[in-house]
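To start, the structure under review is shown below, and the notes come after it.
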Amino acid sequence: GLAAALLLGTSLGPTAAWRHAPIGAGRVHFEDRSTANLEAFLRTRRRAIAWAADGLESSVAIDEGRGVALVVNGKSDGHARGDAGTMVMGGLIGTLLHPDPQRVLVVGLGTGTSAGWLAGVPSVERVDVVELERAVLEAARASAPVNRNVLANPKVRITINDAREVLLTTPHRYDVVFSEPSNPFRAGVASLFTAEFYQSAVQRLRPGGIFLQWLQAYEVDAQTVRTVYATLATVFPWVETYQTMSGDLLLVGRRTPIVYDVPTLRRRLAEPIYRDALALAWRTEGLEGLLARYVASPALARDVARASAGINTDDRTLIEFDFARSVGRSAGFAVDALRALAAARGAHRPELVDGSVDWERVEDQRLAMLAAEGVVPQVRPDYDEARRARVTALAAFVAGDLAGARAAWLRQPKEPEGPAELALVASALAEAGDERAVPYIERLRAYQPLEAHVATALLGWAQGRVPEAAVSLEAALRGYHDDPWPLPLLMRQASALAVGVASRDPAAGERLLAAMKRPYALSMLEDRRVRDALAIASLVGFERHCRDLLASWEPWVPWAADALSARLSCYERTGDPRAWPARRDLERFRAGEPLPIDAGLS
């Protein structure tokens with residue numbers, strides 16, 4: 001009895017590593033490290049969880065390990081920045097295609113991003129949100145920098161209830177309904193993908209209303225996707241397909257045909273809400289940018305539905321088990337295959353009236369958007385040499401290889417278009433000290449001022465103008481505290497450059513360090529911020545700054561040699577009593593490292 005009591009008294013219990021990690025779904029993969037990777041995993045998870053609560057329906061947490069993310073029952077159900085392409089544009093596609101959207105329903109609050117942006121549409125008078133778990137509101141509060149402060153928007157009404165029940169009982173009618181639940185393999189979620197659910201949704205749509213269904217395009221097989229199409233088609237005869245992000249599909253359902261009036265769409269896409277959404281969430285612009293995410297017309301959806309054997313119903317939720325079988329593994333379905341099938345059947349473009357679209361620009365924007373998302377675009381056999389060069393440049397840009405991106409881009413004649421290509425060309429030329437970067441930097445500034453600051457700093461550094469580079473770099477670093485939208489790959493370039501500037505100009509290093517001491521918006525690049533800030537501190541006065549910087553890591557300092565060594569050095573040099581446990585942790589880490597072949601040999 002006493003031994004058990006002592007064990008319980010010293011145990012950490014079920015900490016965040018187990019309660020708020022997707023270990024039960026097969027999504028925790030220990031890397032092949034040379035030390036105890038379990039310890040690294042435990043510390044990473046415990047450090048990442050910034051807030052947690054047990055709600056009535058679910059265990060909910062806010063994970064700041066790689067930027068703010070909502071975690072429900074151990075699974076991430078929305079990364080505030082990383083999933084913005086879907087959460088911002090998913091609902092807005094519906095209001096854009098509707099001639100006069102006034103009332104919108106969103107199933108699932110999540111980070112609040114969809115509801116917040118929908119409420120920004122001028123014609124929308126009210127956005128109703130149905131959320132099952134009240135604790136999720138805390139994640140929406142933490143995601144305010146991307147969701148337009150949704151919880152304070154008087155247009156938004158949040159109901160804590162089951163979406164099925166609300167749709168069956170509400171007296172309200174809607175112009176747009178956006179169903180954005182969790183993954184269908186989660187218990188009960190497949191009921192939001194059934195024919196009966198779609199029937200209840202269509203009964204709440206006004207004439208000409210649009211129903212939007214988010215669907216994961218990862219860890220799913222083609223047959224399951226076919227079942228979803230077939231089920232949706234039982235209620236909506238016209239279903240279009242968009243790719244909101246590399247791993248997400250959006251199915252747009254209508255009871256009547258969908259026609260794209262080109263002048264009207266171009267005019268509406270120039271409105272601030274749509275212009276900003278395209279530029280920030282998709283890194284593109286205009287009708288060509290929108291259609292870069294278009295995958296298939298209703299003709300393909302009808303053909304796929306007719307060829308499918310199963311329908312997902314309340315009595316037979318096929319997809320719950322189909323999705324469960326493919327959790328944590330690649331199941332063979334790819335959006336590119338769906339896109340190719342649509343093209344082969346002539347169903348890859350929408351029906352346009354009163355105008356035309358530059359389809360070459362559409363393809364270039366599609367490739368650029370993938371790169372901005374961090375996905376390496378692939379060269380297709382039908383690409384000409386110029387486009388192959390652009391794809392090569394984009395791939396190098398994703399890898400952080402600005403020299404490679406510059407060399408590839410300069411092999412083709414096309415001028416950069418849109419915020420993604422401009423970011424590439426401006427930063428790649430600037431890194432080489434090439435004055436041709438200047439006009440591109442100014443064009444980029446109109447879309448993303450902080451990225452223009454980074455490119456200006458790269459140019460100044462390459463040209464030996466260190467004080468000027470430091471001024472631009474400081475402006476970018478300070479801007480990161482409030483702006484969550486800059487490309488992470490350029491944020492990493494800025495962070496590395498800050499260390500270089502500090503090595504040449506300690507006074508400038510002090511200013512840069514001051515700008516890096518506070519976490520960035522949504523805790524983006526948190527570990528990178530702390531590591532590079534510690535490197536700068538070592539150049540300008542380690543003892544004066546190190547304890548403040550280490551505070552965001554304690555007590556779960558990364559289980560890595562550089563972090564543990566910096567911690568020990570800091571506490572020993574500042575006389576901090578935490579030096580002893582810091583030394584113990586570093587020795588324990590080193591003891592777990594395999595010995596080299598010559599260890600102990602004379």
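Atom set for the values below is all heavy atoms of this structure, side chains included, hydrogens, waters and symmetry mates excluded. Keep in mind it's a predicted model, so treat the numbers as computed, not measured.
The side-chain heavy atoms of V379 and R387, taken from C-beta on, include no pair separated by under 4.5 Å. At least one side-chain heavy atom of L370 sits less than 4.5 Å from a side-chain heavy atom of S246. Put simply, the side chain of E421 reaches to within 4.5 Å of the side chain of D364, judged on heavy atoms. Looking at R204 and L105, their side chains never come closer than 4.5 Å, going by heavy atoms from C-beta outward. Side-chain contact between Q378 and V391: absent, with no pair of heavy atoms (C-beta onward) separated by less than 4.5 Å. Residues R255 and L205 have side chains not in contact (no heavy-atom distance under 4.5 Å, counting atoms from C-beta outward). Within the 4.5 Å cutoff, no side-chain heavy atoms of Q365 are placed close to those of R283. Counting only heavy atoms from C-beta outward, the side chains of R186 and V72 approach each other to under 4.5 Å.
Within the structure, every pair that satisfies the side-chain hydrogen bond (donor to acceptor under 3.5 Å, both in side chains) test and touches residues 339-349, not counting sequence neighbours, is listed here: Q243-R339, D303-R345. The salt bridge (Lys or Arg N to Asp or Glu O under 4.0 Å) analysis of residues 308-324, with sequence neighbours excluded, yields the pairs R164-D314, D322-R325.
With sequence neighbours left out, T113 forms a side-chain hydrogen bond (donor to acceptor under 3.5 Å, both in side chains) with T111. Partners of R254 by salt bridge (Lys or Arg N to Asp or Glu O under 4.0 Å), not counting sequence neighbours: none found. Applying the salt bridge (Lys or Arg N to Asp or Glu O under 4.0 Å) rule to R293 yields the partners E373; only residues at least two apart in sequence or on another chain are considered. With sequence neighbours excluded, the residues forming a salt bridge (Lys or Arg N to Asp or Glu O under 4.0 Å) with E417 are R361, K414, listed by chain and number. For F193, there are no ring-ring contact (aromatic ring centres under 6.0 Å, His included) partners at least two apart in sequence or on another chain. E351 is linked by a salt bridge (Lys or Arg N to Asp or Glu O under 4.0 Å) to nothing, counting only residues two or more places apart in sequence or in another chain. Under the side-chain hydrogen bond (donor to acceptor under 3.5 Å, both in side chains) criterion, E385 pairs with no residue, sequence neighbours left out. With sequence neighbours excluded, no residue forms a ring-ring contact (aromatic ring centres under 6.0 Å, His included) with Y447. Under the side-chain hydrogen bond (donor to acceptor under 3.5 Å, both in side chains) criterion, R492 pairs with no residue at all, not counting sequence neighbours.
The OG1 atom of T284 lies 12.5 Å from the CZ atom of R366; values are rounded to the nearest 0.5 Å. Distance check, rounded to the nearest 0.5 Å: CG of L410 to CG of D434 gives 7.5 Å. In this structure, S326 OG and Q216 CD are separated by 7.0 Å, a value rounded to the nearest 0.5 Å. Atom CD of E271 and atom CZ of R268 lie 6.0 Å apart (nearest 0.5 Å).
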> Is there a side chain to side chain contact (heavy atoms under 4.5 Å, CB included) between M89 and L278 once you walk through the steps?
Replying inline: CA-CA 8 Å; M89 289 303 304; L278 283 175; 3.8 Å; yes
> What do the steps show when you test L250 against T86 for side chain to side chain contact (heavy atoms under 4.5 Å, CB included), and what is the final call?
Replying inline: CA-CA 8 Å; L250 183 76; T86 292; over 6 Å; no
N/O donor-acceptor pairs under 3.5 Å from side chains in residues 394-408, not counting sequence neighbours:
residue: D401; atom: OD1; partner: A403; partner atom: N; Å: 3.4
residue: D401; atom: OD1; partner: G404; partner atom: N; Å: 2.9
residue: R406; atom: NH1; partner: A428; partner atom: O; Å: 2.7
residue: R406; atom: NH1; partner: E431; partner atom: OE1; Å: 3.0

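Ring orientation note: the planes of F211 and F236 are close to parallel, at an angle under 30° on the 30°/60° scale.
Salt bridge status for E288 with R266: present, with a side-chain N to carboxylate O gap under 4.0 Å.
Checked by atom type, the side-chain pair T227/N312 shows no donor-acceptor distance below 3.5 Å. Between the side chains of Y229 and T241, a donor-acceptor pair is found at a separation under 3.5 Å.
When all heavy atoms are compared, the tightest approach of V295 to Y242 is CG2-C, 3.9 Å.
Listed for the E131 side chain is a donor-acceptor partner under 3.5 Å among the backbone atoms of L109.
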